[in-house]
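One structure below.
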Amino acid sequence: MPGLEDLYREIILDHYKNPRNEGTFPTPPAIKAEGHNPLCGDELTVYLILEDDVIKDIRITGQGCSISRSSASLMSVAVKGKTLAQVDRLLKIFKSMMSISTNANGEPEAVEPEEYSERELGELVALQGVVKFPVRIKCATLSWNTLIQALEDRAS
Amino acid sequence: MPGLEDLYREIILDHYKNPRNEGTFPTPPAIKAEGHNPLCGDELTVYLILEDDVIKDIRITGQGCSISRSSASLMSVAVKGKTLAQVDRLLKIFKSMMSISTNANGEPEAVEPEEYSERELGELVALQGVVKFPVRIKCATLSWNTLIQALEDRAS
Amino acid sequence: MERMNTPTATSKPLNVSEIRKDFPIFTRHDGRPLYFLDSAASSQKPLSVLQAMDDYYSTTHANVHRGVYQLAEHATELYEGARFKIGRFVGAPNPSREILFTKNATESINLLSTSLTRGPLHRGDVVVLTEMEHHANLVPWLIAKEQFGIEIRYIRIDDNGYLILDEIDKILEDAKVLSVTLTSNVLGTLNPVAKLARLAHKNGAIVIGDGAQYVPHIATDVNELGLDFLAFTGHKMLGPTGIGVLWGKADLLEDLPPFLGGGDMITDVRLDGFTPNELPWKFEAGTPPIAEAIGLGAAVDYLENLGMDRVREHEVALLSYAFEKLESNFGKDITIHGPRNISDRSGVISFDFNNIHPHDISQILDQSGVCVRAGHHCAKPLMRHLGIAATARASFHIYNESADVDALIDALAKAQAFFG
Amino acid sequence: MERMNTPTATSKPLNVSEIRKDFPIFTRHDGRPLYFLDSAASSQKPLSVLQAMDDYYSTTHANVHRGVYQLAEHATELYEGARFKIGRFVGAPNPSREILFTKNATESINLLSTSLTRGPLHRGDVVVLTEMEHHANLVPWLIAKEQFGIEIRYIRIDDNGYLILDEIDKILEDAKVLSVTLTSNVLGTLNPVAKLARLAHKNGAIVIGDGAQYVPHIATDVNELGLDFLAFTGHKMLGPTGIGVLWGKADLLEDLPPFLGGGDMITDVRLDGFTPNELPWKFEAGTPPIAEAIGLGAAVDYLENLGMDRVREHEVALLSYAFEKLESNFGKDITIHGPRNISDRSGVISFDFNNIHPHDISQILDQSGVCVRAGHHCAKPLMRHLGIAATARASFHIYNESADVDALIDALAKAQAFFG
Ligand SMILES: Cc1ncc(COP(=O)(O)O)c(C=O)c1O
Ligand SMILES: Cc1ncc(COP(=O)(O)O)c(C=O)c1O
């Protein structure tokens, strides 16, 4: 049985207790999206300030468990200042780490984790242990899915 | 395990192969009712000529297994010439023998067989063995239920 | 269980250590201790239930109802015998006609919402529910609203988790249906169903009880409760998955149009129409859950053998013990939802703890072998009313003992230390 | 089985005496010989299926999907793993989204008839069925006709039990749905489903296959068959009662409104409405048949281990043997319904014998331990077409051998003597 320390790394507890980039932005200029985890009712709102193809700033509000809150906080740090292409790459790596990935039809499909360096992931690597607790994967990915939602809503 | 001879008494095979009172009557003067056994699709039509409260004559057509056909033939002999009160008594005895009886609401209910003499039943007693083969009870009672139906239709 | 106070105890308490031997999971699980406090989601099964099904499959299986040969006849007898037994267990006056087998309590309620809108209900008719219903007693009616156009009214709940009955006359006015849970799967509230049924009947409404969390734990009599229909589910009452039950008054069932179509529920089928079968088969389309009915029959035997009054006393005792322990250990750090009065509660305890998210609580408790549920418990409207997204919930059945509560307390202390 | 002629045999024949050892009923039944020739009604179960369910209940049971703790997580893995395995068994491209668990094949078809009329179908739309359908694929559509107003057209059958396809273009014209059995449970006819599907798709119709009698006996690939939906049932394919399956193309399922309402099939519930969940859970309301899915998974393992091609070859061989024996022993006294060509048939033989009523035949055969079904086999319109009320039907599965056929012949000879 995987131990609690696999799940609740120190970085995670830190981001949970001291979430970065918490709060809201007025919309506009920000864009936003709401996400929720039907399993537990957790809810999250992501606000993005985009300039050209760069995420200039991000804020997140909501309620959730330690994994979903810390993952949101970690994500906010990871994507701030990044181009959309960079975010896309990060997302792909993150999903690989969570051992969920999607096929051409957007359908979930288990795949081999692709190649990536830990350096690219940075602090996000702290969430690696979540994969041993499959029910919690949805907690870890909630903020990412909400981020994608915000970007897709804007595109359409 | 009850043996075949419990079910297929000689009288039964005789009535099966040589059904009494087979045929139809014009309606009117006859009244009639159709019955069927949803289990196997067997169908039966009972024709009655009533005078006052007496079944003056009866005919039966249809298709069915040896038990349903012979029971119909045996019934036709048993009720011909009887008053409705006598038929009612016969029906009650027959149902007791089949160990099915109904409560005040017309709902089926298993009851102790009530007192009756074999003499009253006459040849009908040949059907006694059917009760050891519960699936076949519906075959044995089809003609009786159709008879009741005919009498009830007339009443209403 | 020395420390329990059971004021209403009238009979010999359950011998839990003997009972636990009947449940293979407590010995066959992976070796770690198992403090299973999630019976409200699904109970464990005694060996006798598994054996009843195995025996059936190993000696008697054949499809029921249509076979003339003995094997099929015996299978039919076992299946119909289970129907009878299960009906008697809830006080059905005429079990062999009034007990319908479904796949779960959810299907039982969908059967009603569908057949009622195909039959007696008219567009715009009022169905009364409560704010504390499980999704199983909400979504079928929301579908009926969407597809057919019923109106839904809700009985609200107060801060202590009781139904607010001040305006009940107005709410029930002209109502055609009242469908209410006998006890909340989140708050534990035992609702005053007999009283509600009387009021609803005065208004001419039919009364449906959701007994999913009640029948497994408390002696149930549909007549005393004044119900017209009662839905419950096998897997929460020591029975197998894959089976639910709907009891209904024969005359009401008689008048209801069928639900699912297929074999067994007909007396005749033509290319242009069909004639429904008699009760209860009119509502059982296709091959029924034969082994599951037999398994549920064995579960009922097991419960009856213990005595449902003793089962209830046992759970009240555990509830008292747990309340006392939780409050004396954690004081203001814990908030237990629902009534304070134990005798108004069934054996579930939903709580907030130290603002630690229920997911995290459940995860940490699991590390000590303590299984509690975390989430919205399929009662999102109730969660919204409580102003929270989720709770942690511990729930009891006959195999639970004070050691389970003690383990819960210890594990909560660990969670407190971890996230504190 | 020396006398069998199996022209298409390509692999090692099944070792039936070994197989029979895996089925407890053949040793544990009441001691009399058991010639079980009624698998088309329901098959017997191998020990591995019973054990998979017992093991699950004894080590891993908890409700699925919502639990954070390991037990619930493992239960969910087993349940979802069974879904995947069963999907692969019928060639589903995306089993984890496209396989829905129901309670039986009947519910699978009711799900479709209900959700289709809530969604893409309009009043007056044409649904095409055949005259040889089981009630499970008739009554749901007759209810949809009554409740919603679809039009039903039938493909008729000829004197040899084949579908008449002369006017098929006209029948399928403007049709929105074609729902057809892959093989008749009475005649044994294997229908040209791939061809029908092509024609129906040309007309823009969606194609539903009733695989209840096919999937248990013949290697099934939904792509090769060209289906959009496939319904089948656990208990006829060595699995437990209480579980059915519906496979559907993901994009079609995606667009269908839900069927039953309740827990698990939602992402959100409000007092005034709800939001459905993702596939496949959108169609699984309430606690699913967890142990049953795991049992059906074990049944699929058992069948795959034998190899479905060998299963089919075995049944073709038995069919040939039975045809030969029945005709050489009884000549004109027996009439076998359906195609003469064995390769056009699945393993069921319905027959009239000497004008003896099927009930009487079945009763007398039972005396010798020979179990056959007697009745309308839930296909009353087909019976009407054949001009009879009932037939006797013998049907095969992997545990049947030539001794079963020999016992059938002997017992029929006794019936002939008795009623002759
Ligand atoms: C062709 C066919 N379709 C559907 C069914 C219904 O299966 P179930 O009773 O398991 O729903 C049957 C079984 O009797 C069948 O033979
Ligand atoms: C109050 C209540 N009603 C209905 C249900 C539904 O039971 P099932 O999932 O067996 O259909 C549940 C179980 O979760 C429940 O707690």
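This structure is a prediction, so every number in the text was calculated from the model and none was measured. In the text below, chain A, chain B and the rest are named by the order of the sequence lines, each starting its count at 1.
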With a 4.5 Å cut-off on side-chain heavy atoms, are [Y] and [X] touching?
X      : Y      : answer
C:Y57  : D:F23  : no
D:F36  : C:L71  : yes
C:D264 : D:H135 : no
C:V269 : D:L142 : yes

Name all pairs fulfilling the salt bridge (Lys or Arg N to Asp or Glu O under 4.0 Å) condition that reach into residues 281-293 of chain C, sequence neighbours left out, sorted by first residue then second. C:R83-C:E284
Which pairs pass salt bridge (Lys or Arg N to Asp or Glu O under 4.0 Å) with one or both residues in residues 35-58 of chain D, sequence neighbours excluded? C:R28-D:D55, D:D38-D:R373, D:D38-D:R393
At their closest point, which heavy atom of [X] faces which heavy atom of [Y], and how far apart are they?
X      : Y      : result
D:C378 : C:G263 : SG-CA, 3.8 Å
C:H359 : D:V68  : CD2-CG2, 3.4 Å
C:S58  : D:L50  : OG-CD1, 3.7 Å
C:F274 : D:E146 : CE2-OE1, 3.8 Å
C:H61  : D:T241 : CE1-CG2, 4.0 Å
C:K380 : D:T267 : NZ-O, 3.6 Å

Identify which part of [X] has an atom lying under 4.5 Å from any heavy atom of chain C, answering side chain, backbone, both or neither.
X      : value
D:I152 : neither
D:D30  : neither
D:M383 : neither
D:T233 : neither
D:I290 : both
D:T60  : backbone

Measure [X] against the heavy atoms of chain D and call it side chain, backbone, both or neither at under 4.5 Å.
X      : answer
C:S39  : neither
C:I243 : neither
C:L34  : side chain
C:V372 : backbone
C:F26  : neither
C:N137 : neither
C:D268 : both
C:Y154 : side chain
C:R384 : side chain

Between chain C and each of [options], count heavy-atom pairs under 4.5 Å; write down the option with the most.
options                : answer
D:P24, D:C371, D:A293  : D:C371
D:I266, D:L138, D:V370 : D:I266
D:A136, D:P257, D:P140 : D:P140

Tell me, with the steps shown, if D:D366 and C:E73 meet side chain to side chain contact (heavy atoms under 4.5 Å, CB included). CA-CA 11 Å; D:D366 188 34; C:E73 208 171 84; over 6 Å; no
Just give me the residue among [options] that pairs up with chain D most often, heavy atom to heavy atom, under 4.5 Å.
options                        : result
C:T287, C:D272, C:L47, C:L365  : C:T287
C:I143, C:N104, C:L271, C:T102 : C:L271
C:Q147, C:M265, C:E131         : C:Q147
C:K236, C:H376, C:R270         : C:R270

Partner residues of D:H377 under the side-chain hydrogen bond (donor to acceptor under 3.5 Å, both in side chains) criterion, sequence neighbours left out: D:T391
Main chain of [Y], side chain of [X]: is a donor-acceptor contact present, judged purely on distance under 3.5 Å?
X      : Y      : value
D:H235 : C:P288 : no
C:N63  : D:S42  : no
D:K103 : C:G286 : no

Mind telling me whether D:F259 and C:F259 have parallel, tilted or perpendicular rings, with 30° and 60° as the class edges? parallel
Contact residues of residues 105-115 of chain C (partner chain D; heavy-atom separation under 4.5 angstrom): C:T106, C:E107, C:N110
